[in-house]
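A quick write-up on the structure given underneath.
Throughout, protein chains are lettered first and strands after them, A, B, ... in sequence-line order, and every chain is numbered starting at 1.
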Amino acid sequence: MDIELFIEALFGILQWKPLLMIFAGVAGGILIGSLPGLTATMGVALLVPFTFGLPFNESIGMLLGIFSGSVYGGSISAILINTPGTPAAAATLLDGYPLSQKGEAGRALSMSVFASFVGGFTGALIMTFLSPQISQLALEFSAAEYFGLATFGLSIIISVSGKSILKGIMVGFLGLLISTIGMDPVSGYPRFTFGSMNLFEGPAFIPTLIGLFAFAEVFKGVEQLTTTKQVVSKISSVFPSLSDIKRTWKDMAKSSVMGTFIGSIPGAGSDIAAFVGYSEAKRRSKNPEKFGTGQIEGVAAAESANNACSGGAMIPMLSLGVPGDAVTAILLGAFVIQGIQPGPMLYKEDLDVVYSVFSAMLVANVAMLIVGFLGVRFFARAITVRKSILLPAIFIMSIVGAYSMRNNMFDVWLALGFGVLGYFLQRYRFPVSPILLALILGPMAEANLRRALIIADNSMIDVLSRPITAIFLILGLVTLIMSILRQRKAHD
Amino acid sequence: MKRINIIFGIIGLVISACVFYMLNSFPEGQPGEVGADFFPYILAYGLGISSLVLVLQSVNRKALEPAEPFNIFEAGIQRAGISLVATIIYCLAMDSLGFLFCTMVYLPLMMFLLKERKYFKMILVSGAITITVFLVFSSFLNITLPLGTIYGY
């Protein structure tokens, strides 16, 4: 690791403008994450357009601030009103809400901020030291290996998305077909564009994700109009006590490491990490029977694990160009808009960019700790904003966000179309994330397969029998078969 | 859920058939190279086969968990439908009438649709959101939102 370059990048991030953007991103992320029904994915999708016109350091700072803030934000509503703001906070409410009922909401919230910081910072540190090693390995990859990697990424994501693997596969293929819209990467022939210039580069990524994750969610919110419970607990203290830190540090440390590694597996999201961290804390506790009744260790373990996941999910995204989940897929798209192509070549050619990302992630976690402590009372009040005010505002943000990508109304129509598609898919329990990931991994798989075929004189056997490619493809197939078998067993 | 799965499966089959039809007009690849139709062919087969399996699986299964009914007379569905139509009208009108005017009309109407009845609050919040979004995008992010062609912009 080039320490000098890293320190230079860190100082670049510590300038007032990037810092301001990181704090703004963290605050925006916490706010959206804390609102029940608005997921971290939706939060990042809604706030990404705000980063388009910004210089690199400011843009990346804001993006990573949003990312870190939105994961923590989910715990606020979980603790105060027993409704997780994001799926990742589902494990937090098990002990967070009982603490709140006992009149200890401040204690739970302050521990949640602190544990989120410990997890997020550990994840970012592991990412900083581990992803360069992975990228070194990936430098040896040729087109055939990249095709194998993209296929593996798709298979693993489909296999863990939703209750039905078949529905996941179907949606995955639909997403891959959508990714072929636009000019053919080799011959330049326009495919499925219906003569529209707007589709020559394929469906624009940001409007597509705004449609799938923001419009679809607000349509659902409009349909199921419910009122948010009022906060009853009073928030007394906003800082965790030393005795609570002493009591939970081992759980936090363990959950942070576990969360990072779970996050680095494509498809295994922060909700899974949170439950694994929580279960481990319960298993090693002297009083496991008390978990679920308001144990501070439960809050600490769940929050450190789900925030550590953020750093973990960044590892395959940065080093291989393969997003670990829907949020990192959006981040990858936002990076590309900024002119950065994540992958091993990034580590070879733009190491300063990589170090800026590492630094921004570390600083974003510190910012989350500060904003979390200072703003907890404000966020607690914000979660009770009425849906009748919130949803129209999200409609406007979605429309403006889709429009701002290319100053083009076509993108707004595209977002609305994907919004309707996403609404019906979600309504009938088809997973939506595979479409988003297919839009990233599809072009990667196709371009590399075509390139590999040209190199191998059109011999598919030569391409597929390369050792690393074969391993990735077999792993992908095994993952799918295992998931199908697991699902069958669950049905029986 | 059985009927819904069959409908989605049939839609998947139709999409896959349409893709196959369109692929007929794609040019052949260069000698010794696969063409632009190569990858979409594989994917159309994949979508077709998975859709067919979903249909067959749903037909053969006796009991599936019930799906949420889609009744257009239900208030929630009507509300979602009206919000979609309102958003389409808003987007259609934005180019000619401009972002500021359209948003100032659209937001209170949407709030009313979502059962907000505090009129002063509706107007105040709508104004604040409209002006904040406009200023943030136009001044801070240098992204020009439509000003309205009827005003000569």
Shortest non-hydrogen separation from A:Trp413 to B:Ile88 and the atoms involved: CH2-O, 3.5 Å
Locate the shortest heavy-atom distance separating B:Ala36 from A:Arg191; write the atom from each residue and the value. O-NH1, 2.8 Å
Check: B:Val19 and A:Phe192 side chains under 4.5 Å, non-hydrogen atoms: yes
Which residue out of A:Lys167, A:Met397, A:Arg450, A:Arg427 racks up the most heavy-atom pairs below 4.5 Å with chain B? A:Arg427
Side-chain contact test, heavy atoms from C-beta onward, threshold under 4.5 Å: evaluate it for A:Lys387 versus B:Leu114 and give yes or no. no
Greatest number of heavy atom pairs closer than 4.5 Å to chain A - which of B:Ala86, B:Gly48, B:Gly12, B:Pro27: B:Pro27
What part of B:Ile129 is in contact with chain A, defined as an atom under 4.5 angstrom from a non-hydrogen atom: side chain, backbone, both or neither? side chain
Sub-4.5 Å side-chain heavy-atom contact between B:Phe99 and A:Val400: yes
Interatomic distance, A:Ile169 atom CD1 to B:Ile49 atom CD1 [nearest 0.5 angstrom]: 11.0 Å
Once you round to the nearest 0.5 Å, how far does CG of B:Leu54 lie from CZ of A:Phe430? 5.5 Å
From OG (B:Ser83) to CD (A:Glu223), nearest 0.5 Å: 10.0 Å
Taking the ring centre of each residue, are A:Tyr403 and B:Phe137 less than 6.0 Å apart? no
Closest approach of A:Ile399 and B:Thr87, non-hydrogen atoms and distance? CD1-CG2, 3.6 Å
Below 4.5 Å, heavy-atom pairs only: which of B:Asp37, B:Thr130, B:Leu43, B:Leu109 has the largest tally toward chain A? B:Leu43
Between B:Met111 and chain A, with a heavy-atom cut-off of 4.5 Å, which part of the residue counts as in contact: side chain, backbone, both or neither? both
Part of B:Leu84 lying under 4.5 Å from any heavy atom of chain A: both
Do B:Phe39 and A:Asp184 pass the side-chain contact (heavy atoms from CB on, under 4.5 Å) test, and can you show the C-alpha distance, the side-chain angles, and the key distance before you say yes or no? CA-CA 10 Å; B:Phe39 205 57; A:Asp184 172 43; over 6 Å; no
Chain A contact via B:Met94 - side chain, backbone, both or neither, heavy atoms under 4.5 Å: side chain
Does atom CZ of A:Phe200 have more than 12 heavy-atom neighbours from other groups under 6.0 Å away? yes
Residue from B:Leu113, B:Ile42, B:Val136, B:Leu145 scoring the most non-hydrogen pairs under 4.5 Å with chain A is B:Leu145
Minimum heavy-atom separation for A:Tyr189 to B:Ser25, with atom names? OH-O, 3.6 Å
For each of A:Leu390, A:Leu54, A:Asn407, tally heavy-atom pairs with chain B at distances under 4.5 Å, and name the one with the top tally. A:Asn407
Got a second to check how far B:Lys115's NZ is from A:Ser388's OG, nearest 0.5 Å? 10.5 Å
Identify the two heavy atoms, one from A:Glu446 and one from B:Pro40, that lie closest to each other, and give their separation to 0.1 Å. OE2-CD, 4.5 Å
Do A:Ile389 and B:Lys121 come within less than 4.5 Å of each other through their side chains, counting heavy atoms only? yes
Between A:Val218 and chain B, which part of the residue has a heavy atom less than 4.5 Å away: side chain, backbone, both or neither? neither
Sequence neighbours excluded, which residues qualify as side-chain hydrogen bond (donor to acceptor under 3.5 Å, both in side chains) partners of B:Ser126? none
Max heavy-atom pairs within cutoff under 4.5 Å with chain B, candidates A:Tyr423, A:Phe215, A:Phe424, A:Phe219, goes to A:Phe219
Walk me through it: do A:Leu391 and B:Met110 pass the test side-chain contact (heavy atoms from CB on, under 4.5 Å)? CA-CA 9 Å; A:Leu391 293 176; B:Met110 286 294 285; over 6 Å; no
Contacting moiety of A:Met170, where chain B heavy atoms sit under 4.5 Å: both
So which part of B:Ile15 gets closer than 4.5 Å to some heavy atom of chain A, the side chain, the backbone, both or neither? side chain
Closest heavy-atom pair, A:Leu453 versus B:Phe38, reported as atoms and distance to 0.1 Å, is CD1-CE2, 3.9 Å
Carefully, step by step, assess A:Tyr428 and B:Ile7 under the rule side-chain contact (heavy atoms from CB on, under 4.5 Å). CA-CA 11 Å; A:Tyr428 296 112; B:Ile7 293 171; over 6 Å; no
Side chain, backbone, both or neither: which part of B:Pro146 has a heavy atom under 4.5 Å from chain A? both
Do A:Arg386 side-chain atoms and B:Glu116 backbone N/O form a donor-acceptor pair below 3.5 Å? no
Heavy-atom distance under 4.5 Å to chain A: side chain of B:Leu92, backbone, both or neither? both
Plane angle bin for B:Tyr106 and A:Phe395 - parallel if under 30°, tilted between 30 and 60°, otherwise perpendicular: perpendicular
Please identify, among A:Leu176, A:Leu177, A:Val171, A:Leu425, the residue contributing the most non-hydrogen atom pairs under 4.5 Å to chain B. A:Leu177
Part of A:Leu174 lying under 4.5 Å from any heavy atom of chain B: both
Given that the side chain runs from C-beta out, which part of A:Thr180 has a heavy atom under 4.5 Å from chain B: side chain, backbone, both or neither? side chain
Contact list (residues 74-81 of chain B to chain A, heavy-atom gap under 4.5 Å, by number) returns B:Glu74, B:Gly76, B:Ile77, B:Arg79, B:Ala80
At a 4.5 Å cut-off on heavy atoms, which part of B:Phe8 comes close to chain A: side chain, backbone, both, or neither? both
B:Arg3 atom CZ, over 12 foreign heavy atoms within 6.0 Å: no
Honestly, the part of B:Val53 sitting under 4.5 Å from a heavy atom of chain A is both
